[in-house]
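Because only heavy atoms are used, hydrogens play no part in the values below, and waters and symmetry mates are left out as well, while side chains stay in. Per chain, numbering begins at 1; letters A, B, ... match sequence-line order.
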Amino acid sequence: MDRSRPPRPEAPAPSAAGPIARGAGPLPHFFGSKIPRGGRSEGAAGAEPPGGRIAAGDPKPLLTLDTLSVAIEGQTLLHGVSLRLQPGETLALTGESGSGKSLTALAVMGLLPRAATISGTLTFDDTDLDRIAPRRRDLLRGAQMAMVFQEPMTALNPLMTIGAQIAEVFSIHRRPAPDLRALLDRVGLDVPPTRYPHELSGGQRQRVVIAIAIALRPKLLIADEPTTALDVTTQAQILSLLRDLTREDGMALLMITHDLAVVAQMAQRIAVLKDGRLVECAATAEVLSTPRHPYTRELVAASGHRARLPTASVGEVLLRARDVSVAYPGRRRHLLERPLPFTAVQGVSFDLRRGERLGLVGESGCGKSTLTRTLLGLEPRATGRITLDGQAVDPHRPDSAVQRRIQVVFQDPYGSFDPRHRVARLLAEPYHLLGHAPPPGAIDRALAEVGLSPRDARRHIHAFSGGQRQRLAIARALIIRPEVIVLDEAVSALDVRVRAQILDLLAQLSQRHRLTWIFISHDLSVVRQVTDRVLVMCQGKIVEDAPTETLFAAPRHPYTRALLEAAPKLPDNTATAGPRRAPPA
Amino acid sequence: MPLSLLRRLFTLALSLIAASLAIFLAVEVIPGDPASTMLGLEARPETLAALRAELGLDQPPVQRYLGWVAGMLRGDFGISYTYRVPVSELIADRLAVSLPLAGLALVLAVALALPAGLAAAAWRGRLPDLAVSGGAQLGIAVPNFWLAMLLVTLFALRWRFFPSGGFPGWDTPLQALRALILPAVALALPQAAILTRVLRSALIDAQGEDFIRTARAKGLSRGQALRHHGLRNAALPVLTLIGLQFSFLLAGAIIIEQVFYLPGLGQLIFKAITQRDLITVESVTMLLVCAVIAVTFLTDVAHALADPRLRRR
């Protein structure tokens, strides 16, 4: 590994906005023990990094990052981050995408890409990690420090059984072969170790990854967005498993997550990163109730943000689905056996009225996407009847007169635009359904409506951020004034602050145009903000159909109840007001 | 597994039938009459007719096709028009050269490509990678007949390690093997170059996979993770390529056979075409099709064995 060591500055440079440290964790040394726990150190914050320094008399930290910087190909991505983690403590590292959270974790693990250069010191269990031989550094991993990753679907070698992959940790570290059954039981996985990863669900695979990580009872576990790719009920199970394991083994947990509601459940302290700088580090409850740094305030406010949706004025039935089913042919298991079809959507009926904003929630594989495709007339296997304003939606006879009444915004703001075309052409796409070019000024007006400038019409899509792209997608969907908009996980890929902005934009547009939409999401808190009525889908069926507030206040179906219970929530005293409000004194 | 195997065998049979039809029809529409080619332009019409009857050329095409297929199923490929010996004997003689040659070349190619690809991927962008990638580039660019002549000049003419050409037959196995070494090297080097490049890029792709990071988080070094986890995953595209290369080596060695005076399959089919020995052309082509289909099938089976995701109940 290439590592350069530029001379360390005497005092770490404070971040531009002025980092904020508080004494809830280990105290900055010059406060000694005179400041009570929870006391503020704001006055001196400019001179001290939020992570604090080691003070005499503190319990010896397990992990210390001292002005850690990481640069890749000349670009500094992490600027002098100082952090400490006590044995057995859970510290959450939070921030938006690109803030350097994962980079910090990889630096601790010694898994940075070869092109990375690091400066500053990393001390783990009294060992300076930069000064030990590469082989010893390798062997610390797995035995003393371990890591769980974000994407369980790809984290395991597809060609090896899960048992072999768990056993490998033992052979690498020359330990006797383990009792695989006991290990799998410990992570709550009741499948035989002879299974291959592709035979397991995402949640099960994440349990395997956790089993590998905790197998040798490391002192430090790093979990990098361990539940972001999982369903909400699975997320609740994995989080509780991580809590139990850290408690039982006295493991320190460095938990990386963008989701403050998850942090609230898990961590004793939060460290907030912004653009590679640590801006705040304090006890969880404090950061959530009285965030100090302006950025943290924005982040916390955005996490608890609620878009103000105008009251719906509901009219006649616009979209009607009656007994809609979609079945796929199954796999033949035996030559003489009839293959069993897989029913993705089963007898779904509902009405959507003009001006109504309908939510569709459910976990992955529940049939949300198939139903969405069916409503858009893109699912040739669908049976049943769908009408839009009285006209039939028929995938076998696509009718532009019907298609122009329904438009869609997809989840991925990066994949849903042709990169070769300019914005003006991208936004004009729906006009082919009308058979004429956009009238003069239509593109400019559409851009202005979503808060972009008419100048943007001449740019290509790569010049826009994720949030801006999603604004463009909304502009494209609205430009021909469809009757219904389908928003398919439209804010799921966005950072929390951008998400709040997009939800506000939707609320505004709804106010202005009396929009009718179907909002599909796995995220209940988002659905709650922008819908009047919610359909809960489970295994292809709609199990509950209720007004949004009724559903959240008094869910009737056990599945809905399970979903609501599993969803992580911010504590009640979270500073959810706008970022401008001054923190309470 | 048995069901998917059965299905695959069924498509295999279908493609064989399709191939045999295509070959038969292609030979059928080629202008020129084998009988007149054999007897020359001055032949008398009666002699010509007699020969055509003897060769079965006067029968209707459907009957000839069925007869040809039925014969092949019995192992009877007919009598060569020019050599006047059973085609199956001709093929067996030539296969005794071509099959070991292709096998040897393939083994050599893999033996060269494996360490080279691993080294290039492990030291990506550094000296070993630059050397291997440069060598591979050269190996792909240099035509193999030129390489063959170079090998003959150096190893056969100057240093006399190996014979410069010809094949003594398998009665003297050691001599036969020595005769095959230089042609095998000439065939193997370009194939090894292609294989190296594919293996290198497959390994580099594999290095970026999440499971390699998981493996390293367990305590493996970069190199160990690459060998224990990357190589097996990178082997899948390489396996496909090896299958394709074997088919090519079996039939595509014509030029190398010319350079080394080897009586191989390539030479046989080349001469048969120039002499309008249609029955031999048909049979050898069909044999090659069978070989390609069989190798593809074996590649599929090997894939299923290597990748549990392809193994379905």
Evaluate the side-chain contact (heavy atoms from CB on, under 4.5 Å) criterion for residues B:Asp210 and A:Gln150: first the C-alpha distance (whole Å), next the side-chain angles of each, then the deciding distance (0.1 Å), finally the verdict. CA-CA 10 Å; B:Asp210 283 354; A:Gln150 171 167 359; over 6 Å; no
Candidate pair B:Arg216 and A:Asp138, rule salt bridge (charged side-chain N to carboxylate O under 4.0 Å, His left out), full reasoning: CA-CA 8 Å; B:Arg216 294 210 61 211; A:Asp138 285 340; 3.6 Å; yes
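- By the 6.0 Å contact criterion, CZ on B:Arg213 is enclosed, its count of non-hydrogen atoms from other residues, nucleotides or ligands being greater than 12.
- Minimum heavy-atom separation, A:Met147 to B:Ala217: CB-CB, 4.5 Å.
- Closest approach of B:Pro308 to A:Pro158, counting heavy atoms only: CG-O, 3.2 Å.
- The minimum heavy-atom distance between A:Arg141 and B:Leu220, with the atom names listed, is NH2-O, 3.1 Å.
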Let's go through B:His229 and A:Met160 carefully: what are the C-alpha distance in whole Å and the side-chain angles of both, what is the deciding distance for side-chain contact (heavy atoms from CB on, under 4.5 Å) to 0.1 Å, and is it a yes or a no? CA-CA 9 Å; B:His229 294 269; A:Met160 284 170 74; 3.4 Å; yes
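- Around CZ of A:Arg181, the count of heavy atoms belonging to other residues, nucleotides or ligands within 6.0 Å exceeds 12.
- Shown here is B:Arg124, whose CZ atom has no more than 12 heavy atoms of other residues, nucleotides or ligands within 6.0 Å.
- Contacts of B:Ala206 with chain A are absent, with no heavy-atom separation under 4.5 Å from either backbone or side chain.
- Counting heavy atoms from C-beta on, the side chains of B:Arg309 and A:Leu159 come closer than 4.5 Å.
- Residue A:Leu216 does not touch chain B at all, counting heavy-atom pairs closer than 4.5 Å.
- Looking at every heavy atom in both residues, A:Ala155 comes nearest to B:Thr214 through O-OG1, 2.6 Å.
- Nearest heavy atom pair, residue A:His173 against residue B:Gly219, reads NE2-CA, 4.1 Å.
- A 6.0 Å sphere centred on CZ of A:Arg135 holds more than 12 heavy atoms belonging to other residues, nucleotides or ligands.
- Closest approach of A:Ile172 and B:Lys218 over heavy atoms only: CD1-CB, 3.8 Å.
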